[in-house]
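Below is one structure, written out as structure tokens; comments come after it.
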Amino acid sequence: MLSLLSIDSYQRIGDEVGAPSHGNITVPLLLGLAAGQLAFGPVSDTVGRRGPLLVGSVAFVAAGVLAAFSPTIGILLAARLVQGLSAAAGMVVGRAIIADPETGRAAAHAFSLMMIVSSIAPVVAPSPVRRRGPDRSPDRREHCAATTRPAHH
């Protein structure tokens with residue numbers, strides 16, 4: 001879910017490091033998410049919820065900093081893989097925290113609330129807007145055109 005908050009920046013990042021398309025930046029993240037869920041599930045069941053969640057959060061932030069300052073596409077892709085692996089900790093532990101004490105209708109209600117928050121997050125996430133002129137007000141026409149054009153330039 002955390003990666004959804006940065007979805008507008010994929011194309012700009014890919015252009016800066018020479019990635020042919022933003023899909024190349026997303027694939028390692030998704031592979032990491034899949035593998036991370038398989039890893040963090042049993043670990044959080046064995047050692048508890050807090051440790052894996054803290055490790056995942058710290059690793060996600062560190063990988064984000066590495067991705068932001070990566071000089072090459074290889075380092076960027078490796079950082080995105082680590083982001084996926086570590087983001088899986090939040091997904092797995094969050095679901096486990098709900099599933100542990102709740103059953104039946106209460107669990108369904110809690111999972112529904114979690115899905116609502118996950119669905120709303122990308123909608124309310126900030127979008128980069130270029131600032132123009134001395135008053136630094138955004139050029140709305142350029143922003144609208146940038147957000148509505150097809151992803152395959």
Side-chain angles (χ1 to χ4, degrees), residues 1-131 138 143 146-148 150-153:
M1 184 183 103
L2 294 174
S3 68
L4 297 176
L5 298 175
S6 63
I7 202 161
D8 288 339
S9 58
Y10 289 157
Q11 188 63 45
R12 186 173 302 155
I13 292 169
D15 291 344
E16 286 185 21
V17 296
S21 74
H22 70 277
N24 292 345
I25 299 171
T26 307
V27 169
L29 177 91
L30 296 176
L31 291 174
L33 276 172
Q37 289 179 64
L38 295 173
F40 276 108
V43 169
S44 70
D45 287 341
T46 303
V47 301
R49 308 293 184 218
R50 188 170 190 262
L53 185 59
L54 290 174
V55 168
S57 298
V58 169
F60 186 84
V61 171
V65 170
L66 179 62
F69 295 106
S70 60
T72 66
I73 186 66
I75 294 172
L76 175 62
L77 294 177
R80 294 292 287 170
L81 179 69
V82 172
Q83 277 189 313
L85 288 166
S86 56
M91 294 172 60
V92 168
V93 173
R95 288 185 182 114
I97 288 171
I98 291 172
D100 285 345
E102 304 292 343
T103 58
R105 293 181 68 97
H109 179 72
F111 280 118
S112 295
L113 288 175
M114 189 171 78
M115 290 303 297
I116 289 170
V117 170
S118 297
S119 299
I120 292 173
V123 174
V124 298
S127 179
V129 177
R130 288 190 182 154
R131 304 290 178 179
H143 177 65
T147 56
T148 57
H152 58 344
H153 304 304

**Request:** Evaluate the side-chain proximity of Leu30 to Leu33: yes if any heavy-atom separation is below 4.5 Å, no if none is.
**Result:** yes
**Message:** Going by the rule side chain to side chain contact (heavy atoms under 4.5 Å, CB included), which residues pair with Val92 if we only count those two or more places apart in sequence or in a different chain?
**Reply:** Gln37, Phe40, Ser44
**Asked** Sequence neighbours excluded, which residues qualify as salt bridge (Lys or Arg N to Asp or Glu O under 4.0 Å) partners of Arg95?
**Response** none
**Leu85 to Ala35 - nearest heavy-atom pair and separation** = CD2-CB, 3.9 Å
**Request:** Mind listing the closest non-hydrogen atom pair of Gly90 and Leu53 along with its distance?
**Result:** CA-CD1, 3.9 Å
**Prompt:** How long is the span from the CD1 atom in Ile75 to the OG atom in Ser70, to the nearest 0.5 Å?
**Reply:** 6.5 Å
**Asked** Once you round to the nearest 0.5 Å, how far does OG of Ser86 lie from CG of Leu81?
**Response** 9.5 Å
**Message:** Would you compute the distance between atom CG of Leu77 and atom OG1 of Thr26 and round it to the nearest 0.5 angstrom?
**Reply:** 10.0 Å
**Item:** Reported CD-to-CG distance for the pair Gln83 and Leu29, which is rounded to 0.5 angstrom
**Value:** 6.5 Å
